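See structure below.
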Amino acid sequence: MSIPSFGVGTFRLTGQTVIDSVRNALDVGYRAIDTAQIYGNEAEVGQAIADSGIKRADLFVTTKIWTDNYAKSKLVPSLRESLDKLRTDYVDLTLIHWPAPGNGVALSEYMEALAEAKSLGLTRQIGISNFNIELTKQAIDVVGKGEIATNQIELSPYLQNHKLTAFLKEQGITVTSYMTLAYGKVLKDPVLAKIADKHQATVAQVALAWALHLGYAVIPSSTKRENLASNLLARDLKLDADDMAQIAALERNGREVSPEGLAPVWD
């Protein structure tokens, strides 16, 4: 199993905006696209992919099952609907979007249903998103070790989540970092700005290169073609030990996303 290290995110992008963003991303070289049922943009993402003319086999498409569809009777049908919208026979990766403890569907039920989706060929790989250590352990117990491809979690220089990322590494589960720029807050950081100047890079490139250096996959989004192209250059930026140490010191548990009823008790 492998997760592309660099993809384009589509959170909060809808309508023509998301079509343009995905089209531009594919045009400048992205081949992995991250969406979700709750984003309400799967059909537009599917249109942008179809219009691109890029072979399906050359793309890596991720979607996420929304909490309303966790019941065994709903998960697979909802994924089939997502595939219709995305204009594809399969997705490369399907994630449980939030653990949503107490929403009435047991973790074992939705993880079994997700494994069934994989066995039916609707998704090549399965994973989780926003799971803490304990819930990740429970998910592994249901589907088996080696079955969970990634845990997509909020990570940034301000939220480094050492305990969880160390556990995921031990388990051989890829970490996918979202909100790597902390809603743009890190872009104003003087320490990152100094590192960026040293490397003649942008602050966004430094934050993304930090995550890549740690072995995480990243999925930044942008509505601007020049930013999409610029972000991609983070793959070529090599941070040194001093840079990484300075960024490590920025940890402040600065979580941006923790919706009540959906989020777990964080590690």
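Note that the structure is predicted; figures quoted are calculated from it, not measured.
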Hey, is the main chain of [Y] close enough, under 3.5 Å, to the side chain of [X] for a donor-acceptor pair?
{"X": "Glu260", "Y": "Leu262", "value": "no"}
{"X": "Arg124", "Y": "Val91", "value": "no"}
{"X": "Gln160", "Y": "Ile247", "value": "yes"}
{"X": "Ser230", "Y": "Glu226", "value": "no"}
{"X": "Ser177", "Y": "Leu155", "value": "yes"}
{"X": "Thr123", "Y": "Thr94", "value": "yes"}
{"X": "Asp34", "Y": "Ile219", "value": "no"}
{"X": "Ser119", "Y": "Glu116", "value": "yes"}
{"X": "Glu154", "Y": "Met179", "value": "no"}

To the nearest 0.5 angstrom, please state how far the [atom1] atom of [X] sits from the [atom2] atom of [Y].
{"X": "Leu237", "Y": "Trp210", "atom1": "CG", "atom2": "CH2", "result": "14.0 Å"}
{"X": "Trp266", "Y": "Arg255", "atom1": "CH2", "atom2": "CZ", "result": "4.5 Å"}
{"X": "Gln152", "Y": "His97", "atom1": "CD", "atom2": "NE2", "result": "7.0 Å"}
{"X": "Asp141", "Y": "Leu135", "atom1": "CG", "atom2": "CG", "result": "11.5 Å"}
{"X": "Lys137", "Y": "Lys145", "atom1": "NZ", "atom2": "NZ", "result": "11.0 Å"}

Can you tell me if [X] and [Y] form a side-chain donor-acceptor pair at under 3.5 Å?
{"X": "Ser129", "Y": "Asn151", "value": "no"}
{"X": "Asp243", "Y": "His199", "value": "yes"}
{"X": "Gln125", "Y": "Lys118", "value": "no"}
{"X": "Thr63", "Y": "Glu42", "value": "yes"}
{"X": "Thr174", "Y": "Thr150", "value": "no"}
{"X": "Asn231", "Y": "Gln205", "value": "no"}
{"X": "Thr67", "Y": "Trp98", "value": "no"}

[X] vs [Y] side-chain heavy atoms within contact, under 4.5 Å:
{"X": "Arg23", "Y": "Asp27", "value": "no"}
{"X": "Met244", "Y": "Leu214", "value": "yes"}
{"X": "Pro99", "Y": "Tyr110", "value": "yes"}
{"X": "Leu228", "Y": "Thr223", "value": "no"}
{"X": "Asn161", "Y": "Asn253", "value": "no"}
{"X": "Ile49", "Y": "Ile54", "value": "no"}
{"X": "His213", "Y": "Lys238", "value": "no"}
{"X": "Ile195", "Y": "Leu239", "value": "yes"}

With a 4.5 Å cut-off on side-chain heavy-atom distances among I, L, V, M, F, W and Y, is there a chain of contacts connecting [X] to [Y]?
{"X": "Val257", "Y": "Tyr158", "result": "yes"}
{"X": "Ile126", "Y": "Leu107", "result": "yes"}
{"X": "Leu164", "Y": "Leu159", "result": "no"}
{"X": "Leu83", "Y": "Leu120", "result": "yes"}

- [ ] Let me know which of Tyr183, Tyr39, Tyr178 forms a ring-ring contact (aromatic ring centres under 6.0 Å, His included) with Phe11.
- [x] Tyr39
Ignoring hydrogens, what is the shortest heavy-atom contact between [X] and [Y]? Give both atom names and the distance.
{"X": "Ser221", "Y": "Val8", "value": "CA-CG2, 4.5 Å"}
{"X": "Leu79", "Y": "Ala117", "value": "CD2-CB, 3.7 Å"}
{"X": "Asn41", "Y": "Thr10", "value": "ND2-O, 3.0 Å"}
{"X": "Phe131", "Y": "Ala139", "value": "CE2-CB, 4.3 Å"}
{"X": "Ser21", "Y": "Ser222", "value": "OG-O, 2.8 Å"}
{"X": "Ala196", "Y": "Val206", "value": "CA-CG2, 3.6 Å"}

Residues [X], [Y]: salt bridge by 4.0 Å N-O rule:
{"X": "Arg56", "Y": "Asp92", "result": "yes"}
{"X": "Lys194", "Y": "Asp189", "result": "no"}
{"X": "Asp20", "Y": "Arg225", "result": "no"}
{"X": "Lys85", "Y": "Glu44", "result": "no"}

Open item on the list: Tell me whether the count of non-hydrogen atoms from other residues, nucleotides or ligands lying under 6.0 Å of CD in Gln200 goes above 12.
Closed with: no
Task: Asp58 CG: over 12 foreign heavy atoms closer than 6.0 Å - done: yes
TODO: Take Val142 and Glu112 through the test side chain to side chain contact (heavy atoms under 4.5 Å, CB included) and record every step on the way to the result.
DONE: CA-CA 7 Å; Val142 176; Glu112 281 170 10; 3.7 Å; yes
